[in-house]
Amino acid sequence: MMRRLEIRPVVSRRLRAALLLVLMLAGLSLSQSSLTGWLLTGVLVALGGVFMQAWLAASHRPPALSLSFRPLVAHVLDANGAERPLRCTRLSVYPWLMVLHAELEANKRQIIVLLPDSLADASGDEWRQLLVWAKLMRRQIALN
């Protein structure tokens, strides 16, 4: 196993497709509801606002990460290649999805969503290594 893993994620097409699917399902369910008039208009405006916020969040490129196995730490790589510490506060790991809740310096919170297609030049091996790192990090978070 590698001691250090650098990933430079890209915007996930699967995440955008899932958002469109959720929007279509919400529209279908609203068409079958008994809402009319101003109430329906309000729900549609709220749905549109939530969708636009999610779309913009999904369109932001996740930061480049440097993950280390020994010691088990994470860093964000800035444009100059300098590493800034990243403190993982919560981590959700599934075989097809990873959601990393983290804090940068000065308590700036960030949520990083990674899917297998978020790793631009990744082989399946790099995704598996990322999953192993995430599972180890979850254990470490649970112990603290």
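Remember, it's a predicted structure, so these values are computed and weren't measured experimentally. Positions are given from 1, in the same order as the sequence printed here.
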Enter the distance from R138:CZ to L72:CG here, rounded to the nearest 0.5 Å. 13.5 Å

Would you say the side chain of Q110 lies within less than 4.5 Å of the side chain of P62, judging by non-hydrogen atoms? no

Taking atom CH2 of W127 and atom CG of L119, what is their separation to the nearest 0.5 Å? 6.0 Å

Any chain of hydrophobic side-chain contacts (each under 4.5 Å) joining V10 to M98? no

Distance col, row L115:CG vs R16:CZ, nearest 0.5 angstrom, shows 12.5 Å

Go through E103 and T89 one step at a time and tell me if the side chain to side chain donor-acceptor pair (under 3.5 Å) criterion holds. CA-CA 7 Å; E103 288 181 0; T89 57; 5.3 Å; no

With hydrophobic residues grouped by side-chain heavy-atom distances under 4.5 Å, do L20 and L97 end up in a single group? no

Rounded to the nearest 0.5 Å, how far does CG of L104 lie from NE2 of H75? 11.5 Å

With the side chain counted from C-beta on, respond yes when L67 and E6 share a heavy-atom pair under 4.5 Å apart, and no when they do not. no

Test of understanding: clusters of I, L, V, M, F, W, Y form through side-chain heavy atoms closer than 4.5 Å, transitively. Do L19 and L28 belong to the same one? no

Evaluate the side chain to side chain contact (heavy atoms under 4.5 Å, CB included) criterion for residues I112 and V99: first the C-alpha distance (whole Å), next the side-chain angles of each, then the deciding distance (0.1 Å), finally the verdict. CA-CA 6 Å; I112 302 169; V99 181; over 6 Å; no

Out of V113, D117, L114, which one pairs with L15 under the side chain to side chain contact (heavy atoms under 4.5 Å, CB included) rule? V113

Minimal non-hydrogen separation, L131 against P95, with atom names: CD1-O, 4.0 Å

Less than 4.5 Å apart, side chain to side chain, heavy atoms only: is that true for P85 and V73? no

Cluster check L30, V22: I/L/V/M/F/W/Y, side chain < 4.5 angstrom: no

Tell me if a side-chain donor or acceptor on D78 pairs with a main-chain N or O of N80 at a distance below 3.5 Å. yes

May I have the step-by-step check of side chain to side chain contact (heavy atoms under 4.5 Å, CB included) for V132 and F69, ending in yes or no? CA-CA 9 Å; V132 168; F69 286 92; 4.1 Å; yes

With a 3.5 Å cut-off and sequence neighbours excluded, list the donor-acceptor pairs that the side chains of residues 48-61 form with protein atoms.
unit_1	atom_1	unit_2	atom_2	d
S59	OG	W55	O	2.7
H60	ND1	L56	O	3.4
R61	NE	P9	O	2.9

Starting from the C-alpha separation in whole Å, work towards a yes-or-no answer on side chain to side chain contact (heavy atoms under 4.5 Å, CB included) for L35 and L39. CA-CA 6 Å; L35 296 177; L39 192 56; 3.3 Å; yes

Begin from the C-alpha positions of E83 and V76 and carry the test side chain to side chain contact (heavy atoms under 4.5 Å, CB included) through to its verdict. CA-CA 6 Å; E83 293 183 345; V76 172; over 6 Å; no

Less than 4.5 Å apart, side chain to side chain, heavy atoms only: is that true for E126 and L5? yes

Measure the CG-CG distance between L100 and L86 for me, rounded to the nearest 0.5 Å. 6.0 Å

To the nearest 0.5 angstrom, please state how far the CZ atom of R8 sits from the OG atom of S66. 9.0 Å

For atom CZ of R13, decide whether the heavy atoms of other residues, nucleotides or ligands shown that lie under 6.0 angstrom number more than 12. no

Note: W133 and A74 closest approach over all heavy atoms is CZ2-CB, 3.7 Å

